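Reckoned from all heavy atoms, side chains included, excluding hydrogens, waters and symmetry mates. Proteins get letters first, then strands, A, B, ... in listed order; numbering begins at 1 in each. What you see is a predicted model; the values in this text were computed from it and never measured.
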There are 2 protein chains.
Amino acid sequence: MDSKTQARLTTRANVFKALAHPSRLLIVEELARKERCVCELTEMIGADMSTVSKHLSVLKGAGIIQDEKRGLQVYYRLKMPCVLRFFDCVGEVIETNVKEQWELVNLR
Amino acid sequence: MDSKTQARLTTRANVFKALAHPSRLLIVEELARKERCVCELTEMIGADMSTVSKHLSVLKGAGIIQDEKRGLQVYYRLKMPCVLRFFDCVGEVIETNVKEQWELVNLR
DNA sequence: ACACTATTTGGCAAACTAGCCAAGTAAAAT
DNA sequence: ATTTTACTTGGCTAGTTTGCCAAATAGTGT
């Protein structure tokens, strides 16, 4: 694999990495509905605010979400709504897996 | 976050995790073109065959690819081609990031 | 200027991931 | 039956990620 391909794939992999955590997926799903401040997201996730803040900075670093400070709060919103289209396919993958496991079990 | 949501998100995150590595993305791209045996993929990636085999088992475990043994070789193929649709959006995300950095640089 | 609130950052331990090598398995060829 | 080839698995080390706590920063209100 040449270094140009390597670089291209690493950049792409980083976007997937940003989405590869349950709390970060919850954040994306929630921001798809409406913008939210860190305290609201922290409440939903139920982790330390510093932990949530770090998750947010991973998503922001990947260019998936955006922030805006208003007064004391920082509001985050979904910057690339196209990521929501991922979820259909991910659902399909999981559904297929479940079906296959079910069939395996039913072979007596 | 209740435990049902937690479970749903963890399952979904695992699909993204499987895609979150440059070699695994190369594998997916290549299998989108045609099925390949482990030795061909190993050649392309340029890592130890045992490493490639482990990457393949991550993708297989996530339900994204499928294998079939024929003689001495094991052939892998893309099982869920819908993941290819991810790439358009990932490209869009990266392009947007690059544009923004470019604009930042050009502010004098 | 001081206290208060919302958020980010640094530091650290625990858990996880990646890659190599060596050893194991399974089908094919001799 | 033994050897060879293609692949997988186990074991180990190095590097990365996660999450908590404590400390720092930045606005707001008094």
Side-chain angles (χ1 to χ4, degrees), chain A residues 1 3 5-7 9-28 30-31 34-62 64-77, chain B residues 1 3 5-7 9-28 30-31 34-62 64-77:
Chain A
M1 181 168 26
S3 71
T5 306
Q6 175 68 248
L9 293 171
T10 303
T11 310
R12 289 181 162 229
N14 285 337
V15 177
F16 288 111
K17 235 190 254 180
L19 294 168
H21 189 287
S23 304
R24 294 198 291 264
L25 287 182
L26 186 67
I27 291 169
V28 169
E30 187 54 27
L31 297 186
K34 72 197 286 272
E35 66 167 18
R36 291 291 192 189
C37 65
V38 183
C39 55
E40 289 171 314
L41 296 166
T42 298
E43 168 102 61
M44 305 189 66
I45 291 172
D48 196 277
M49 186 183 269
S50 69
T51 300
V52 174
S53 176
K54 278 174 188 172
H55 282 310
L56 288 164
S57 90
V58 170
L59 286 167
K60 185 185 162 191
I64 296 168
I65 62 175
Q66 248 180 336
D67 62 347
E68 186 192 348
K69 184 148 194 171
R70 291 209 296 274
L72 273 181
Q73 276 116 328
V74 177
Y75 283 87
Y76 280 89
R77 63 165 152 301
Chain B
M1 182 168 27
S3 71
T5 306
Q6 176 67 251
L9 293 171
T10 303
T11 310
R12 288 180 164 231
N14 285 338
V15 177
F16 288 111
K17 235 190 251 179
L19 294 168
H21 190 286
S23 304
R24 294 199 290 264
L25 287 181
L26 186 67
I27 291 169
V28 170
E30 187 54 28
L31 297 185
K34 71 198 284 275
E35 64 167 18
R36 291 292 192 187
C37 65
V38 182
C39 55
E40 290 171 315
L41 295 167
T42 299
E43 168 102 60
M44 304 188 66
I45 292 172
D48 197 275
M49 186 183 269
S50 70
T51 301
V52 174
S53 176
K54 278 173 188 174
H55 283 310
L56 288 164
S57 89
V58 170
L59 286 167
K60 185 184 161 191
I64 296 168
I65 63 175
Q66 246 181 336
D67 62 347
E68 185 191 350
K69 183 149 194 169
R70 291 210 294 275
L72 273 180
Q73 276 116 328
V74 178
Y75 284 87
Y76 280 89
R77 61 162 145 325

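Side-chain nitrogen and oxygen atoms of B:Ser53 include at least one within less than 4.0 Å of the OP1 or OP2 phosphate oxygen of D:dT8. Within the 4.0 Å cut-off from OP1 or OP2 of D:dT17, not a single side-chain nitrogen or oxygen of A:His55 is found. Distances shorter than 4.0 Å separate none of the side-chain N or O atoms of B:Tyr76 from OP1 or OP2 on D:dA6.
Atom NE2 of A:His21 and atom C1' of D:dT17 are 9 Å apart (whole Å). A:Leu59 has its CG atom 14 Å from the P atom of D:dT17, to the nearest Å. Following rounding to the nearest Å, B:Met49 (CE) and D:dT8 (P) show an atom-to-atom distance of 8 Å. To the nearest angstrom, P of D:dT16 lies 12 Å from CG of A:Asn14.
Close approach of DNA chain C to chain B, defined as any atom under 4.0 Å from a non-hydrogen atom of the protein, starts and stops at C:dT17 to C:dA28.
Here A:Tyr75 lies out of heavy-atom contact (under 4.0 Å) with every strand. Among the atoms of the strands shown, only primed sugar atoms or phosphate atoms (P, OP1, OP2) are found under 4.0 Å from some heavy atom of A:Lys17. Within the 4.0 angstrom heavy-atom criterion, no nucleotide atom of any strand lies near B:Arg70.
Side-chain contact between B:Arg77 and B:Leu31 is absent, with no heavy-atom pair separated by less than 4.5 Å. Contact of the A:Leu56 side chain with the A:Asp67 side chain is not registered, since no non-hydrogen atoms from C-beta on lie closer than 4.5 Å. Looking at B:Ile27 and B:Tyr76, their side chains never come closer than 4.5 Å, going by heavy atoms from C-beta outward.
Nearest-nucleotide positions on DNA chain C for A:Ser57 and A:Leu72 put A:Leu72 closer to the 5' end. In terms of position along DNA chain D, the nucleotide closest to B:Leu56 lies nearer the 5' end than the nucleotide closest to the other residue of the pair A:Gly46 and B:Leu56. Each of B:Thr42 and B:Lys54 was matched to the nucleotide of DNA chain D holding its nearest heavy atom; the match closer to the 5' end belongs to B:Thr42.
No donor-acceptor pair under 3.5 Å is formed between the side chain of A:Arg36 and the backbone N or O of A:Leu41. A donor-acceptor pair under 3.5 Å is absent between the side-chain atoms of B:Ser53 and the main chain of B:Met49, judged by distance alone.
For the pair A:Arg70 and A:Glu35, the salt-bridge criterion is met [side-chain N within less than 4.0 Å of a carboxylate O].
Side chain B:Ser50 to base D:dC7: no donor-acceptor pair is found below 3.5 Å.
Annotation for A:Glu68: atom CD counts as buried by contact number, over 12 foreign heavy atoms lying within 6.0 Å.
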